[in-house]
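First the structure, in the form of structure tokens, and then the observations on it.
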Protein chains: 2
Amino acid sequence: MKHNDRTAPAVPLDPALEQLVRELIGPVADKWTMVALEVLEQEGRLRFTRLGELMGGISQKMLTKTLRQMEADGLVERTVYAVVPPKVDYELTALGRSLGAAFCGVWEWAEANRAAIGAARAAFAARTQRA
Amino acid sequence: MKHNDRTAPAVPLDPALEQLVRELIGPVADKWTMVALEVLEQEGRLRFTRLGELMGGISQKMLTKTLRQMEADGLVERTVYAVVPPKVDYELTALGRSLGAAFCGVWEWAEANRAAIGAARAAFAARTQRA
DNA sequence: CCGGATCCCCTGAGATACTG
DNA sequence: CAGTATCTCAGGGGATCCGG
């Protein structure tokens, strides 16, 4: 990579942005985080098990891990009640809600373009079929 | 999980939306897909190796896999030139660009809230320290 | 009886070497 | 240069056990 700047700009990507992607988007881009955000945004405050059910197909281990990460990032608030049947519930913080809002555009995109994606997948499958 | 609907509403989440999340967002939520989208959006048409360089730290295997998935979903167009030094380049389709635009809100959120996240992480670290 | 921690297994990501 | 094959190993899923 000594003389690669003939056709490329000197600073191809904003390094700060790349750092941002790695440290922020990386953890958040996890699909379980996105699903948890979505569910918590729609349902509000939820208990651990219930949240897991609504997220569909997540294991407790991953649920715990995802929620811990989200808590560490300040996206959810974790409340533990010291009662005999243990009760822990999770709720989005303001930061979490704002991230959910930011993802809104993506949900809308998905809804608007599901047909296009389906078509693209079918076309790709057909193409690779005979290739 | 046979009798889980005692405390739950009949249809807790729009099943169509959940299906959407699983089939569409799942593949797209992959961090490499997001980075590839970002890079291709900024740089336009790129060759395989160059794209890998700009994405920073991705292996060829994952790059190939990510690009194949994106091609299957109609997000990128793959062009193969039958020349002696093989040349393949990738460019966002209209669908891919629209997805990139949808993610714009997320990038903006990340930039706007990086400080808040940093603070939350520090606070969480401090809290878990003595716990 | 719920939240979650731990153990084990297996998929899948990363690095390397090789081919067209 | 673009992509595949192979190996290795971290990380995710499932079951089970523990603390409150």
Side-chain angles (χ1 to χ4, degrees), chain A residues 1-4 6-8 22 26-36 39-40 45-72 76-91 124 127-128 131, chain B residues 1-8 22 26-36 39-40 43 45-72 76-91 124 127-128 131:
Chain A
M1 233 200 253
K2 278 168 291 191
H3 49 291
N4 58 355
R6 247 194 337 184
T7 59
R22 292 263 181 69
V28 159
D30 174 58
K31 69 169 181 170
W32 290 129
T33 302
M34 293 180 71
V35 176
V39 171
L40 283 171
R45 178 169 289 221
L46 283 174
R47 295 185 60 175
F48 179 86
T49 304
R50 178 94 184 103
L51 178 54
E53 286 171 8
L54 291 177
M55 286 177 65
I58 191 176
S59 62
Q60 300 98 310
K61 191 169 74 170
M62 281 315 294
L63 182 54
T64 300
K65 191 182 171 190
T66 301
L67 288 171
R68 281 292 194 286
Q69 179 69 48
M70 291 176 76
E71 188 194 1
V76 296
E77 188 185 8
R78 178 170 179 265
T79 310
V80 182
Y81 300 89
V83 293
V84 184
K87 180 179 174 182
V88 180
D89 55 23
Y90 296 87
E91 189 178 19
F124 181 79
R127 186 176 319 164
T128 49
Chain B
M1 244 194 232
K2 278 168 290 191
H3 48 291
N4 56 357
D5 281 344
R6 247 193 336 184
T7 59
R22 293 263 183 68
V28 160
D30 173 58
K31 70 168 181 171
W32 290 129
T33 302
M34 293 178 72
V35 177
V39 171
L40 283 170
E43 302 285 326
R45 175 170 292 222
L46 283 174
R47 295 184 63 173
F48 180 86
T49 304
R50 179 93 183 106
L51 178 54
E53 286 170 8
L54 291 178
M55 287 176 65
I58 191 175
S59 62
Q60 300 99 309
K61 190 170 77 170
M62 282 313 296
L63 182 55
T64 300
K65 190 182 169 189
T66 301
L67 289 171
R68 281 292 195 287
Q69 179 69 49
M70 292 176 75
E71 188 194 0
V76 296
E77 187 186 8
R78 180 171 177 266
T79 308
V80 182
Y81 301 89
V83 293
V84 183
K87 181 180 174 182
V88 180
D89 56 24
Y90 296 86
E91 189 176 21
F124 181 79
R127 185 177 318 167
T128 49

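All values below come from the heavy atoms of this structure, side chains included, with hydrogens, waters and symmetry mates left out. Note on naming: letters A, B, ... go to the chains in the order of the sequence lines (proteins, then strands), and numbering restarts at 1 for each one.
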Ion pair B:Asp89/B:Arg47, N-O distance below 4.0 Å: no

Return the nearest nucleotide to the side chain of B:Ser59; candidates are C:dT6, C:dG4, C:dA15. C:dA15

Which residue, A:Val83 or B:Tyr90, contacts DNA chain D at a nucleotide closer to its 5' end, judged by nearest heavy atom? B:Tyr90

In this structure, how many angstroms lie between the C1' atom of D:dG11 and the CD1 atom of A:Ile58, rounded? 14 Å

Taking all heavy atoms of A:Glu71 and all of A:Val76, pick out the closest pair and write down the distance. N-CG2, 3.6 Å

How long is the span from the CG atom in A:Leu67 to the CG atom in A:Leu40, to the nearest 0.5 Å? 7.5 Å

Nearest-Å distance for atom pair CH2/P, residues A:Trp32 and D:dG12: 12 Å

Round to the nearest Å and state the distance from B:Leu46 atom CG to D:dC1 atom P. 15 Å

Which of these nucleotides, C:dT6, D:dG3, C:dG4, is closest to any side-chain atom of A:Thr64? C:dG4

I need the minimum non-hydrogen distance between A:Met62 and A:Trp32, along with the two atoms involved. CE-CD1, 4.1 Å

Ignoring the backbone of A:Met62, work out which of D:dG13, C:dA15, D:dG3 is nearest its side chain. D:dG13

When we call it a touch if two heavy atoms are under 4.0 Å apart, what does B:Val80 touch: a base, just sugar-phosphate, or nothing? nothing

Looking only at side-chain atoms of B:Val88, point me to the closest of C:dC2, D:dG13, D:dG3. D:dG3

Mind calculating the distance between CG (B:Leu63) and P (C:dA15) to the nearest angstrom? 13 Å

Of the nucleotides C:dG14, C:dC2, C:dG4, which has the atom closest to the A:Arg68 side chain? C:dG4

Supply the atom-to-atom distance A:Tyr90 OH to A:Leu46 CG, rounded to the nearest 0.5 angstrom. 11.5 Å

How many Å lie between CD on B:Gln60 and C1' on C:dA15, as a whole number? 8 Å

Between NZ of A:Lys31 and P of C:dG12 the distance, given in whole Å, is 10 Å

Please check the phosphate of D:dG3 (OP1 and OP2 only) for any side-chain N or O of B:Arg78 closer than 4.0 Å. yes

Atom pair distance, as rounded to whole Å: CZ in A:Arg47 and P in C:dC2: 7 Å

Does A:Pro86 or A:Lys65 map to a spot on DNA chain D nearer the 5' end, using the closest nucleotide for each? A:Lys65

B:Leu67 has an atom CG; how far is it from atom P of C:dA13, in whole Å? 14 Å

Among the nucleotides D:dT16, C:dC8, D:dC7, whichever has the atom closest to the side chain of B:Lys61 is D:dC7

